[in-house]
Structures are given as C-alpha cells and as structure tokens.
Visitor: 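Attaching a single structure in structure tokens format; questions to follow.
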Amino acid sequence: MPAEETERHQGRDRGARALAGRAVAAVLAPSPADMRRFALAGVISTAAIIATGAAVRLSESGLGCPDWPQCTRGSLVAAHSAGDPMFHTWIEFGNRLVTVAITLIAVLVFVAAWQFRPGGHRRRDLVWLAAAQPAGILAQALLGGIVVLTKLNPAMVALHFLASIAVLAAAVALYVRCTEGQAPARSLVRADLRLLAYAVLASVALMLAAGSVVTGTGPLAGAGAVPRFHLPLVGATQFHADIGWLLGGLTVALAVGLQLTRAPAPAVRLGWALLAMIGLQGVIGYTQYFTGLPAGLVWVHVCGSTLIWILALRLVFALRDRGGLTTQTGPEAPAAAEAAAAR
C-alpha cells in the first residue's frame, strides 16, 4: 500500500508539473489559439470589473472603504468604519480584490502578446492593444482613489466608468485583431453601411456617457449625502431615452441594410443580435424608470449596456477584412503575407 500511495502521489505531481509547464508555454510561446483565449479573458475580466463597479455604486457601497489605497486609515483589508454598515465595506473591498485579480490577467495578456510571434515576428499592433489593459487598470486604480477621496464626486465616478469602457474597447480590438493579418483593411459592405455602423457605435458611446450622468443625478448615485449632478432627473432621463431611440432607429436601418445587401453572415448575425439587445435594453430601461429605479434592475441595465458596447464594436470589425493570420516562417512567409494583402 505505501508503494501504491507513493506512486499515486508521484503521478499527481507529474500531472501538476505538466499542467504548469503547458500554462507557462501558453504565456511565453502562445499559439494563435492561446493568444485568442488570453484576449477573450481580457474582454471577460474587463466587463466583469464594470459589473462589480456598478454593484458597488448601486448598493451605496462606494464609501465602504473610505480611504485609499488602504480600506481605512488603520487597515489595508476590510475593517469597520464609522457611519457605514460592514456589508458595504465588504462589497467595496471585494471590488478591490477583483481589481487585483483582473490586473494579473491583464499582465498575462500583455506578456502573451509580447511573446506572440506569428510568422516569426512580433505584432506591435497587438502589443499596444494588450498594453492598454494593464495601463488602463492602473489608471482606473488612480481614478478609483480620486473617486473615494472626493467622496464619490459624480463627474469622477462617470470618468471612472467611461475609462473602463475605453479599456474594454481595446480588449475587444485585441480579441479581433489577434486572428487577423496586417493587410490593409478591405471593406466587405457598401460605404454607406460602414458609415451607419460607425454612427451606431458613436451613439452607443453617447448613450453610455448619458447613462452615467443619469445615475449621477438620481437616487442611485450613492447614499443621501453623496454629491450629485445638479440636473433635473426627468430631463436627464429623457435625454438618455432619446439617444436610445436614435440608436434603435440607426440599428434597424443597419440590420436591414446588411440583410438586404447580402453582407457576410457574421455581420448580419451581429446586426440582428445588436438590435435585439437594444430592444431588450429599452424594455428594461422603461421598466426600471416606472418601477422606481430598483437597484437590481438598474444593475442589469448597466450590464446590458456593456454587452451592447461589445456587440457594436464587434459589428464594426466584422464589416472589413485584413487577411488571415500569417503563422508561417521561412521563405514562404513573405509570399503568404503578400497573398493576404492582395485579398
């Protein structure tokens, strides 16, 4: 029995070492599939920090840790602070822990992009997109500190949110670009449809900005003493809804146009998916408004906005082609690159 037990332990150790070796190899010598997985992890983790940040604000936990970078002046970790329930402290401290985990993912994404050598050459476009993630998270940490130290100033909270949206755009771009070549972009649809897609993307960005202003004006900006934008809530909400209607109309035109002009199937699917998500988001938005802005439903609305942003970005990328990823090395590589550029 001792010999059998020893053999089992040795087998587990060998398995663990082999798994660790594969993980290290995936980071230091990533294949195209590995790189795409890392890029996808960056998209998911960035979207996750937006969701957890929204939960912090909507649960009125933004000052659960009233100091920065420590949770309180006397403790780095969650500790009771006067004037705020302990569960607020744990929610805010939990969000800070999530930020640490996401930072590690962002660093791994950057290292993998630095080591990624399709065709034997480093892709500087991918390195810059990957670098935006740890750099953005560092900037977010500093902005988060300013948010706490200014007692949830609504302008700083809105900037904090929009910075996350910008980092998410870089993460989505990396996810798309890491399987593309570097040939000049070739449009797959008519010029008017591409312009319409850009208009949809700009409208989504405007909607996100307006949504942050609405939240910073209304009752869910934080506890009663938290500063707010000095704007009429009904007016701010109406402006946000008007942008939503504009976005919906533009997306209907885009989805129908892609369908009728026989655009590539992925673009058509993304167009209809985006339209369906915008319709659902509109239903949620009006429901939350007429039911007194329940925090849970508003959180779903924020998550839906994040998904709409991702879909709109993916749709814009789906309307052009930059050739396939060149993974060959040696004398065949230049020819493959030229062939990709000619497509």
Visitor: Please identify each residue that fulfils side chain to side chain contact (heavy atoms under 4.5 Å, CB included) with R37, with sequence neighbours left out.
Guide: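 R37 satisfies side chain to side chain contact (heavy atoms under 4.5 Å, CB included) with A33, D34 once adjacent residues are dropped.
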Visitor: In sequence, state the C-alpha distance, the side-chain angles, and the governing distance for Q140 and I49, and then conclude on side chain to side chain contact (heavy atoms under 4.5 Å, CB included).
Guide: CA-CA 10 Å; Q140 284 291 75; I49 196 63; over 6 Å; no
Visitor: Around atom CZ of R124, are there more than 12 heavy atoms of other residues, nucleotides or ligands at under 6.0 Å?
Guide: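 Result for CZ/R124: open.
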Visitor: Set out, in order, the CA-CA distance, both residues' side-chain angles and the distance that settles side chain to side chain contact (heavy atoms under 4.5 Å, CB included) for L174 and F38, then state yes or no.
Guide: CA-CA 10 Å; L174 177 63; F38 280 118; over 6 Å; no
Visitor: Give a yes or no on whether the backbone of R117 and the side-chain of R122 come within a donor-acceptor separation of less than 3.5 Å.
Guide: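 Between the backbone of R117 and the side chain of R122 there is no qualifying donor-acceptor contact (under 3.5 Å).
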Visitor: What residues form a side chain to side chain contact (heavy atoms under 4.5 Å, CB included) with A241, not counting sequence neighbours?
Guide: Q238, Y286
Visitor: Taking only residues two or more places apart in sequence, or in another chain, which ones meet Q288 in a side-chain hydrogen bond (donor to acceptor under 3.5 Å, both in side chains)?
Guide: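 Testing Q288 for side-chain hydrogen bond (donor to acceptor under 3.5 Å, both in side chains), a comparison that skips the adjacent residues, returns none.
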Visitor: Please set out all donor-acceptor pairs under 3.5 angstrom arising from side-chain atoms of residues 250-260, sequence neighbours excluded.
Guide:
residue : atom : partner : partner atom : Å
T251    : OG1  : L247    : O            : 2.7
Q259    : OE1  : W272    : NE1          : 2.9

Visitor: Could you list who else is in L195's hydrophobic cluster, with ILVMFWY side chains joined at under 4.5 Å, directly or through other members?
Guide: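 Its cluster partners, ordered by chain and number, are none at all.
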Visitor: Please go through W114's hydrophobic cluster and name the other residues, only I, L, V, M, F, W, Y counting, with side-chain heavy atoms under 4.5 Å joining them.
Guide: F110, V127
Visitor: Going from CG on L129 to OH on Y175, what distance comes out if it is rounded to the nearest 0.5 angstrom?
Guide: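 Taking CG in L129 and OH in Y175, the distance rounds to 15.0 Å.
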Visitor: Taking atom CD1 of I278 and atom CD1 of I308, what is their separation to the nearest 0.5 Å?
Guide: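 Rounded to the nearest 0.5 Å, the CD1-CD1 separation comes out at 5.0 Å.
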